[in-house]
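Right, one structure below, let's go through it.
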Number of protein chains: 4
Amino acid sequence: MRRYAWRRASRRQTSDLMLTNIRNTRIEWCDCDPAGIIFYPRYFEMFDTSTTVLIERALGMNKIDYLKAHNFAGHALVEAKARFRQPTRFGDEVAIETKMAECGRSSFKIEHRLTKAGALAVESFETRVWIVRRADDPKRVKSQPIPAEVLARFNSS
Amino acid sequence: MRRYAWRRASRRQTSDLMLTNIRNTRIEWCDCDPAGIIFYPRYFEMFDTSTTVLIERALGMNKIDYLKAHNFAGHALVEAKARFRQPTRFGDEVAIETKMAECGRSSFKIEHRLTKAGALAVESFETRVWIVRRADDPKRVKSQPIPAEVLARFNSS
Amino acid sequence: MRRYAWRRASRRQTSDLMLTNIRNTRIEWCDCDPAGIIFYPRYFEMFDTSTTVLIERALGMNKIDYLKAHNFAGHALVEAKARFRQPTRFGDEVAIETKMAECGRSSFKIEHRLTKAGALAVESFETRVWIVRRADDPKRVKSQPIPAEVLARFNSS
Amino acid sequence: MRRYAWRRASRRQTSDLMLTNIRNTRIEWCDCDPAGIIFYPRYFEMFDTSTTVLIERALGMNKIDYLKAHNFAGHALVEAKARFRQPTRFGDEVAIETKMAECGRSSFKIEHRLTKAGALAVESFETRVWIVRRADDPKRVKSQPIPAEVLARFNSS
C-alpha cells in the first residue's frame with residue numbers, strides 16, 4: 001500500500017510544494033549504445049544533475065558551496081524507480097522537469113519527467129537521504145536529519 | 001497491488017525458473033563520485049552487463065551473436081527499480097547475483113542482488129522488452145514477441 | 001619531427017580554415033571522482049560532443065542525419081592527445097573552443113581548448129578518420145575517403 | 001624531439017624498471033556507441049583502473065588504503081596520449097598490459113597496451129603527478145614530490 005500512499009501524498013502536496021525546475025539538454029552520441037538509442041544509466045546521470053540544480057536553486061548556492069556550508073557529503077539515493085516510455089536518440093532535444101515531491105525529516109522524494117517534443121519519454125522517482133562525513137572517519141559517510149534552514153527552503157519557494 | 005502480485009509471482013516461479021548467474025567484480029575509482037562512494041548510475045551499468053551475461057548463458061552465445069541470430073536490437077528497459085541499502089566504495093569486491101524472475105510473451109523481469117562480504121548492498125528489478133530494428137528504417141527500433149526458441153531457453157535451464 | 005610539422009601546418013592553416021566552434025558547459029558531480037576533481041575520461045566525452053557540434057555546423061545537419069546522408073558509421077579516433085593544465089571541479093562553468101586544424105583526404109585533425117574563467121585548463125588534439133559500414137557486414141566498419149562535398153565544407157566556412 | 005627522447009628513455013629503462021601488470025577484461029555493451037564499437041573515453045577509464053592496479057601491486061595495498069597512508073588525493077594526469085589501431089566491439093576479450101615507463105621526483109609515466117587475440121588495438125601513454133589535499137582547504141589539491149618509500153617501490157620490483 002506504500003506506493004499508493006506516496007502517490008496520494010505527492011498529489012496532495014503539489015499545491016503546497018512548488019519547488020520545481022526545468023532544464024533543456026540534448027541526447028549525445030556518448031549517451032547512446034549500439035542500438036542507437038540512449039543507454040539508460042545515462043538518464044540517471046541526467047536526473048542526478050537535475051536534482052543538484054533544483055537544490056542549488058532552493059539553497060541559492062552551488063553544490064560545492066552547499067556541501068561546504070553544511071559539512072555534508074551529498075544527497076545519496078536510497079531508492080530509484082524509472083519508467084521508460086519511448087526511447088530517445090542522439091541529437092534529440094529534451095526537457096527535464098524536476099520537482100520536490102515530498103520532504104521528510106531526513107529524506108526527500110524527487111520526481112523527474114523527461115519529455116521530447118512535449119511527449120513523455122521517461123519518468124523517474126527517487127528517494128534521497130542527507131549524508132554527512134563521519135567525525136571518526138571523514139572518508140566514510142552516514143545519514144542525518146536535514147538541517148532546519150535547508151528544510152525550510154525545501155518546503156517553501 | 002501490482003507490486004505484491006509481482007512479488008508472489010517471482011517467489012512462486014523461482015522453483016520453476018532457475019536461470020541465474022553470479023559474477024564478481026570490483027568497484028573502481030572511475031565508478032565513484034566526490035563523496036567517495038559509488039555514483040549510482042554505475043550500478044545500472046553493472047546490472048546491464050549482468051543481464052547480458054545471463055542471456056548469453058541461456059542462449060549459449062555472445063550478445064553480438066545473439067543479436068545477429070535474431071536480427072534484433074537489444075533488450076530495452078521499460079522499468080527499473082533499485083534500492084540502495086549500503087554504499088560501496090572503490091576497492092570493494094562485490095558479487096552480483098542475477099536471475100530471470102518472470103518471462104512473458106514479449107517482456108521479462110530480471111532481478112539483481114549486489115552483495116559486499118555477503119551483505120546486501122543493492123537490489124534491482126528490471127522489466128525488459130525484446131526490440132528489433134524496423135524493416136522500414138533500420139536505425140529505428142520496435143518491440144516484438146520474444147522468439148519461441150529464446151523463450152524456451154529463458155523458461156528452462 | 002611529425003609533431004613539429006603538425007604544429008606548423010595547423011598554425012599556417014588557421015588563416016584559411018576557419019571552421020571553429022565555442023560551446024559552454026558546466027562540470028557536474030557525475031563528472032568528478034573521489035578527489036573532487038573531474039575524472040579525465042569525461043573530458044574526452046565533452047570533446048567528442050564538441051567535434052560533433054563542429055561537424056553539424058559545417059554540414060548544416062544533425063549527426064543522425066549526416067550519418068544517414070553518407071551511409072557512414074562515424075568519425076573514429078585514431079589518435080588523441082591531451083594536456084591537463086589545471087583541474088576543474090563540479091560547478092565550474094567552462095568554455096570549449098574547437099577547431100578543424102587540418103583536413104586530409106580521409107582523415108582530419110581537431111583541436112579543443114577548454115578554459116575556465118578565461119584560463120586554459122585542458123587542450124586536446126585528435127586525429128579522426130571517416131568510417132563507413134562494410135557492405136559485406138553492416139555490423140563492421142572500415143575507413144574511407146571523406147566525400148568531396150563534406151571536404152569542401154570542412155575546408156571552407 | 002621530446003617524443004624521441006622519451007622513447008629512448010623508456011626503452012633503456014625497461015631493463016631496470018620491471019613494474020608491469022597484465023589484466024584481462026571484456027568490452028561490454030555499455031562501453032560501445034551507436035557505431036557498435038567501443039566509445040574511446042571508455043579506454044581511458046580502463047587504463048585508469050590498470051594504473052591503479054599497478055600501483056596497488058607496487059605498494060601492496062588497495063588504493064583506498066594507499067591514499068589514506070599518504071594523505072593524498074590521487075595520481076592526477078597531466079598528459080595522455082593514445083593511438084587507436086583497430087576497434088574493439090562488445091563481447092571482445094582483451095588484455096591490458098601496463099608498465100611504469102619512467103619515474104621522476106614528482107611525476108611518472110605509464111604505458112598501456114591493449115590487445116585483442118594478441119594483436120595491438122590501442123596503446124596509451126600517460127604522465128601523472130602525485131597530488132595531495134591542501135592543508136588550508138582539504139577540498140582542493142596540489143602536486144607534491146612522490147614520497148621516498150613510494151619511489152623506492154616504483155623503481156624496484
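Every chain is numbered from 1 and lettered A, B, ... according to where its sequence line falls, protein lines coming before strand lines. Values reported hereafter were calculated over all heavy atoms of this structure, with side chains retained and with hydrogens, waters and symmetry mates removed.
Between Phe44(D) and Glu45(C), the closest side-chain pair of non-hydrogen atoms is not below 4.5 Å.
Proximity to chain C is absent for every atom of Leu67(D), based on heavy atoms less than 4.5 angstrom apart. Neither the backbone nor the side chain of Arg42(D) has a heavy atom closer than 4.5 Å to any heavy atom of chain C. Heavy atoms of Val78(D) lying under 4.5 Å from chain C belong to its backbone as well as its side chain. For Phe39(D), the part lying near chain C is the side chain, with the backbone staying farther off; criterion is any non-hydrogen pair under 4.5 Å. For a residue to count as touching a neighbouring chain, one of its non-hydrogen atoms must lie under 4.5 Å from one of that chain's; by this rule Asp48(D) touches chain C with backbone and side chain alike. Proximity to chain C is absent for every atom of Arg85(D), based on heavy atoms less than 4.5 angstrom apart.
For Lys116(D), the NZ atom sits in a packed shell: over 12 heavy atoms of surrounding residues, nucleotides or ligands are nearer than 6.0 Å. Within a 6.0 Å sphere centred on CZ of Arg133(D), heavy atoms belonging to other residues, nucleotides or ligands number more than 12.
Here the CD1-CG distance, from Ile38(D) to Leu77(C), works out to 12.0 Å after rounding to the nearest 0.5 Å. In this structure, OG1 in Thr127(D) is found 10.5 Å from CZ in Arg83(C), a value given to the nearest 0.5 Å. To the nearest 0.5 Å, atom CZ of residue Phe84(D) and atom CZ of residue Arg128(C) are 9.5 Å apart.
The two residues Ala35(C) and Ala73(D) come nearest to each other via the heavy atoms CB-O, 3.2 Å.
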